[in-house]
Enquirer: 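Handing you a structure now.
Chain naming here is simple, since letters A, B, ... match the order of the sequence lines and numbering starts at 1 in each. Hydrogens, waters and symmetry mates play no part in the numbers below; they use all other heavy atoms, side chains included.
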Amino acid sequence: MLELRLVQGSLLKKVVDAIRDLVNDASFDCSATGFSLQAMDSSHVALVALLLRSEGFDHYRCDRNISMGMNLNNMAKMLRCAGNDDIITFKGDDGSDTVSFMFESPTQDKISDFEMKLMDIDSERLGIPEAKYQAIVRMPSTEFARICKDLGSIGDTVVISVTKEGVKFSTRGDIGSANIVCRQNTDVDKPEQATTVEMNDPVSLTFALRYMNSFTKATPLSNQVTISLSSELPVVVEYKIAEMGYVRFYLAPKIEEEEEETKPEV
Amino acid sequence: MLELRLVQGSLLKKVVDAIRDLVNDASFDCSATGFSLQAMDSSHVALVALLLRSEGFDHYRCDRNISMGMNLNNMAKMLRCAGNDDIITFKGDDGSDTVSFMFESPTQDKISDFEMKLMDIDSERLGIPEAKYQAIVRMPSTEFARICKDLGSIGDTVVISVTKEGVKFSTRGDIGSANIVCRQNTDVDKPEQATTVEMNDPVSLTFALRYMNSFTKATPLSNQVTISLSSELPVVVEYKIAEMGYVRFYLAPKIEEEEEETKPEV
Amino acid sequence: MLELRLVQGSLLKKVVDAIRDLVNDASFDCSATGFSLQAMDSSHVALVALLLRSEGFDHYRCDRNISMGMNLNNMAKMLRCAGNDDIITFKGDDGSDTVSFMFESPTQDKISDFEMKLMDIDSERLGIPEAKYQAIVRMPSTEFARICKDLGSIGDTVVISVTKEGVKFSTRGDIGSANIVCRQNTDVDKPEQATTVEMNDPVSLTFALRYMNSFTKATPLSNQVTISLSSELPVVVEYKIAEMGYVRFYLAPKIEEEEEETKPEV
């Protein structure tokens, strides 16, 4: 028996919309500590990890660990039927091939019950070791999304370079090249507008913009995004979910020479 | 000689937009009592009836009964050229193969004259007998539109069930099923937000969502929609037009078995 | 060495968006007096002329005359990456095959550098003699845009007729015909809402609506549009750019008979 209740139901919509651009089908894991997911994108290049801690829910009951394979687009279709202020209750049963979503309007005048078929998904969970990063950038999530979108109109890859002064995003394409520098900036009125750089070593890494632009679908979840970079590790792009957990995206850097070779084909 | 003047000209736009999703060409009938239309959709499954009473117009002159075949998309193209605050005057002449729309801006600085070609349409007018219904539901029109849209993303048909407590809308599709219950609710601050059920007998009927979603194009015409249901009769979905008349849509219920049989093909 | 700085950078976006529907590639000419462009559309029917005077820039340095071939869609892609409040600096170098755009956010926290490749364009500059027009109409640019769009949904050409009372726009198509009359109107609270007619002789000329609708992409540049008409001359549709210059479009009138002949094909 599994029953999760979230008064701020729109959060669940945002979580699913954050992930479904990258992943079609995924296995959600539920345990006493929380509701989580780990999945590779279809081309096995990027990894997404979601955690919603049990304390963050308004009601949370999970009698035993359970894994549920869901199609994220179907899930989004159903969640789209919830009003923005609706309370959402999610129910599952061990051994059942369906789960249910209940949406209650704030006035209780409208109650919706949606039942969704589950899917069989083979999933193995990778252990993601805690790592120490050369540089950690925190910046407004909308700014990061804007930069990835803008650079995506010029080129296919972005070079992210971190120095003490700030972070630089660069690209190059057929029509020209672009460099965008965001300076450290902490003394702002609104902390969610701050850009901060925590740097042990300067670092400069190249990533596919297609994936970065996919990660930024999580922008509505958080005002700030955290980008953790190290030469030998996948970048982590993290969107914290207030008092509940996070969505984290992992993507391996491109080897620069590779990029140069493929450019003539673009 | 026919001349109708409507200060609130945007109403005419809304009327045409309410109908043209269902009907391409229709014959408008004009008499001393009002401006009306009755038409089947192209697959002869649904019927729409419009009435705009003569008293509702700011000026109304109709010397003799006249029938005018019009293409509703052409009519919409012309009406789209009217400003939202424009006064609209509609003119026709017995024997003429055109009608004209005049749009006057509130300041009279811009006067537009549009002439539209009429069409030959064979139309027979059905008598629609007044009937007693098992149940009549009144609810916010935007709520009804939202429910039809939401259910349309899950399934092809909707079961509408009325009990004393309220009205239930249900569907089922490949990805799962959905039930939405709207409870009676009259003690609201805004009467247009009320949901009321007037029930003689409980009733449960199945309809094609495609048509329901077409009917909801009339939502901008009225805050409330009235749904009248009886086992042996087509449902009537009515949008009242304040102080002027109504748009009514009629649709025969589906026989449940039929629906079951066709489901595997979906 | 060329360096132009515009605090109100969004203006440059609007200029490029005003022109690129008509012209793909164009040669921008820079001299001590200003930044200008003259180009024919690809079918060599319409001409566009742009002038941004040096005084209008916040900084303007142009050591010697220089011509730079640019693809307007690529230019728009880059300018779209500027924030609405960004300061834009444009730099070029004699002999270089690139130009650069720098975008500075108002707080200087984000600095973007875009480098764009130039193109080889054969361009010859036509002398456009000053002319005396039979009639000059000034009207709100949004109103003119609305009229061209509305008439474009009915027909392919517009007849513009000027009399003392005002200006009439007419079209005719398969579904009917339309006449829109805008009356002289100067005693309005807001001068940008005025419609004025300066007429020496009545004039009535026919133009292709496709081009007129292209010209109205310049609407965001100015509240008012000026339309100058003479029987023997191309019409001039001018959008002034406050304190800096203008965008002017030139289009030859259609010969009426021609239009009649081609109509059956439509």
Enquirer: Is R80(B) reaching over with its side chain to a backbone N or O of D150(C), donor-acceptor style, under 3.5 angstrom?
Expert: no
Enquirer: Kindly check if the number of other-residue, nucleotide or ligand heavy atoms within 6.0 Å of CG (D120(B)) is above 12?
Expert: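 No, not enclosed.
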Enquirer: Which value, rounded to the nearest 0.5 Å, describes the distance between S153(C) atom OG and K77(B) atom NZ?
Expert: 6.5 Å
Enquirer: Answer with side chain, backbone, both or neither: which region of I154(C) has an atom nearer than 4.5 Å to a non-hydrogen atom of chain B?
Expert: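 Contact with chain B is through the side chain of I154(C) alone.
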Enquirer: For the candidates S105(B), S100(B), S112(B), G83(B), which exhibits the highest count of non-hydrogen atom pairs separated by less than 4.5 Å from chain C?
Expert: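 Of the options given, most contacts go to S112(B).
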Enquirer: Around E243(C), counting heavy atoms of other residues, nucleotides and ligands shown, do more than 12 lie under 6.0 Å from its CD?
Expert: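 No, because the 6.0 Å sphere around CD of E243(C) holds 12 heavy atoms or fewer from other groups.
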Enquirer: Checking A76(B) against chain C: side chain, backbone, both or neither under 4.5 Å from a heavy atom?
Expert: neither
Enquirer: A quick test of your reading: do over 12 heavy atoms of other residues, nucleotides or ligands sit less than 6.0 Å from CD of Q8(B)?
Expert: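 No, because the 6.0 Å sphere around CD of Q8(B) holds 12 heavy atoms or fewer from other groups.
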Enquirer: Set out, in order, the CA-CA distance, both residues' side-chain angles and the distance that settles side chain to side chain contact (heavy atoms under 4.5 Å, CB included) for I175(C) and M78(B), then state yes or no.
Expert: CA-CA 9 Å; I175(C) 68 170; M78(B) 296 210 164; 4.0 Å; yes
Enquirer: Roughly how far apart are I111(B) CD1 and K168(C) NZ, rounded to 0.5 Å?
Expert: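 If I round to the nearest 0.5 Å, the distance is 13.0 Å.
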Enquirer: Could you check if a side-chain atom of R183(C) sits within less than 4.5 angstrom of a side-chain atom of K110(B), using non-hydrogen atoms only?
Expert: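 Contact flag for R183(C)/K110(B) side chains = no.
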Enquirer: Take atom NZ of K117(B) as the centre, draw a 6.0 Å sphere, and report whether it contains more than 12 heavy atoms from other residues, nucleotides or ligands.
Expert: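 Above 12, so yes.
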Enquirer: Let's test your reading of the structure: which of C182(C), G176(C), S177(C), S170(C) forms the most heavy-atom pairs below 4.5 Å with chain B?
Expert: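 Maximum pair count with chain B is reached by S177(C).
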Enquirer: Among N185(C), V181(C), L151(C), T195(C), which has the most heavy-atom pairs under 4.5 Å with chain B?
Expert: V181(C)
Enquirer: Kindly indicate, with the supporting measurements, whether the criterion side chain to side chain contact (heavy atoms under 4.5 Å, CB included) is fulfilled by N179(C) and F114(B).
Expert: CA-CA 6 Å; N179(C) 291 298; F114(B) 284 72; over 6 Å; no
Enquirer: Taking NZ in K13(B) as the centre, count heavy atoms belonging to other residues, nucleotides or ligands within less than 6.0 Å. Is the count above 12?
Expert: yes
